[in-house]
Visitor: 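Got a structure here, written out as structure tokens. Questions coming.
Both ligands and their constituent atoms are indexed starting at 1 by order of listing.
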Amino acid sequence: MPSFQTTPGTRDILPPHAGRWREFTRIFAQEVEASGYQCIIPPMFEDIGVFQRLGDATDVVTKEMYDFVDKGDRHIALRPEHTASVCRAFAQHRPLAPWKVWYSGPNFRYEKAQAGRYRQFDQVGIEALGVDDPQLDIEVIALGWHFYKALGLKKVELIINSLGDAGDRERYVDALEKYFSSNISSLSQEAQATLQRNPLRVLDSKREQDAAVISGAPVISDFLSSGAAEHFNSVLSGLRELNIPFTVNDKLVRGLDYYRRTTFEYISSALDSAQNAVGGGGRYDGLVEDLGGPATPGIGFALGVDRTLLACDAEECFLPVAPRMDAFIIDTVNGTHATRIAHILRAAGFNVDRAYEGRSMKSQMKAADKSGATCAVIIGEDEAAQSTCTVRNLSTSEQVNIPQSTLFTYMSELVGAREPRRPQQ
Ligand code: AMP
């Protein structure tokens, strides 16, 4: 056993999986930049107050924060999510609205670590600030939906609800509190404890014992103001227009307290039901103001990278691929020919690997096969003496001997023209 291993809830993302993560972000960026969202990189830690605005009744804030006092006596927390940081950035820099940004990066929550639930996990997401038009809600929800499609996922479902405006939500929470309190003896111990902290979250309980009480609970749709109801209807009809299937679930309240009006979640039916939410989001029309900025509506979503990739594994789509390798250089003379040729080919835009430490021809050939390269470029004593090289096509095993000076042209024909990386010397 080595002295150290990753701590619970953290993982090494090894090759080729790490390459898949980068590709994931690249496709996401491409999708959202095409709709006017630009990249933002907020810090990974902030004054804890930024995240405390997420709500006292939120587990993320009360139980799961990674916080510490730094050497300057500041109370700091590692970010548990990005939305609060983006809203803090908006309040701090006051960019012109609408402000449409996207992000990708790790978050930290001290959760009970298990498959699909980690203490360090990645999210990609978007936030759009300064507009309360329901057409924006449709754009945001559709972007998440189409991104899942771009990955090849077929078993993602969209669940949607409206939590109404602040006043609607307050009246609803009051009604829920009364209802659950009058049925308290039928609730599980856990739900009773949740009721003390946040009656809304009792709706999240997946315990069988709570199901009957929850099914008879008041529903938010009866508490929506006419403005919130109209907004919600516009969002639903926009989604229908775009042929995006959805299910309205009036029990969808989501984990964070800041949501207003539209809330939604993407669920993968390919994953185990305990960890099947692959992404979610909603409107948070009071958050910027809570952080000291001007009253600003906002909407966004965060998609869990770890969990979405588990869904890809389950659906066998968007599988990891090793980076392209064009040539593997085998030098059985002294290694310096490989250094020179690799240098020239890499500068010309080819992807090139090689062996080291003067290994035998057989061992270098094995390494070439393992590399996944299209061809091996072999320099033995004869080739070195005549300034030639033997190029072996690793899938057909065909070999040709050519002058080294024509290798560039030969490679371009074999694997296609590449964009030079550096000017040739
Ligand atoms: P949230 O920020 O809680 O709304 O979560 C948005 C998405 O992030 C979820 O749907 C999950 O896919 C993912 N997520 C949240 N917490 C975790 C975690 N502890 N481990 C892995 N993924 C997570």
Visitor: Counting only nitrogen or oxygen atoms and a 3.5 angstrom limit, does Leu303 reach ligand 1?
Guide: no
Visitor: Of Arg88, Arg74, Arg53, which meets salt bridge (charged side-chain N to carboxylate O under 4.0 Å, His left out) against Glu46?
Guide: Arg88
Visitor: Could you verify whether a donor N or O on one side chain and an acceptor N or O on the other, from Gln38 and Trp102, lie under 3.5 Å apart?
Guide: no
Visitor: Decide whether the shortest distance between a heavy atom of Asp306 and an atom of ligand 1 is less than 4.0 Å.
Guide: no
Visitor: Which of the numbered atoms in ligand 1 are under 4.0 angstrom from any heavy atom belonging to Ala277?
Guide: 9 (C), 10 (O), 11 (C), 12 (O)
Visitor: For ligand 1, which is the ligand I care about here, please tell me if Glu111 has any N or O atom under 3.5 Å from one of the ligand's N or O atoms.
Guide: yes
Visitor: Run the ring pair (Phe, Tyr, Trp, His ring centres under 6.0 Å) check on Tyr266 and Phe264 step by step: do they pass?
Guide: CA-CA 7 Å; Tyr266 303 102; Phe264 54 96; 5.7 Å; yes
Visitor: Restricting to pairs with a member in residues 274-310, which pass ring pair (Phe, Tyr, Trp, His ring centres under 6.0 Å), not counting sequence neighbours?
Guide: Tyr258-Tyr284
Visitor: Does Gly280 reach ligand 1 with a nitrogen or oxygen that is under 3.5 Å from one of the ligand's nitrogen or oxygen atoms?
Guide: no
Visitor: Side-chain contact test, heavy atoms from C-beta onward, threshold under 4.5 Å: evaluate it for Tyr172 versus Leu163 and give yes or no.
Guide: no
Visitor: Taking both backbone and side-chain atoms of Glu81, is any N or O found less than 3.5 Å from an N or O belonging to ligand 1?
Guide: no
Visitor: Nearest non-hydrogen contact with atom 10 (O) of ligand 1 belongs to which option: Ala302, Gly281, Gly279?
Guide: Gly279
Visitor: Using atom types as modelled, flag every donor-acceptor pair under 3.5 Å from a side chain in residues 135-153 to any protein atom, sequence neighbours excluded.
Guide:
from, atom 1, to, atom 2, distance (Å)
Asp137, OD1, Arg283, NE, 3.2
Asp137, OD1, Arg283, NH2, 2.7
Asp137, OD2, His231, NE2, 2.8
Asp137, OD2, Thr262, OG1, 2.6
Asp137, OD2, Arg283, NE, 3.2
Glu139, OE2, Tyr37, OH, 2.7
Glu139, OE2, Lys100, NZ, 2.8
His146, ND1, Ala142, O, 3.0
Tyr148, OH, Val278, O, 3.2
Lys149, NZ, Leu153, O, 3.3

Visitor: What part of Arg109 sits under 4.0 Å from ligand 1 if we count only heavy atoms: the side chain, the backbone, both or neither?
Guide: side chain
Visitor: Could you tell me which atoms of ligand 1, counted from 1 in the order shown, lie closer than 4.0 angstrom to a heavy atom of Tyr118?
Guide: 18 (C), 19 (N), 20 (N), 21 (C)
Visitor: Should one rank Gly304, Ala115, Gly116 by closest heavy-atom distance to atom 21 (C) of ligand 1, which comes out on top?
Guide: Gly116
Visitor: Where on Arg307 is there a heavy atom closer than 4.0 Å to ligand 1, on the side chain, on the backbone, on both, or on neither?
Guide: side chain
Visitor: Under 4.0 Å from ligand 1, counting heavy atoms only, is it the side chain of Gln123, its backbone, both or neither?
Guide: side chain
Visitor: Looking at Tyr110, I'd like to know if the NZ or CZ of Arg119 sits under 6.0 Å from its six-membered ring centre while staying within 45 degrees of the ring's axis.
Guide: yes
Visitor: Quick check with a 6.0 Å cut-off and a 45 degree axis cone: is Arg79 positioned over the face of Phe51's six-membered ring?
Guide: no
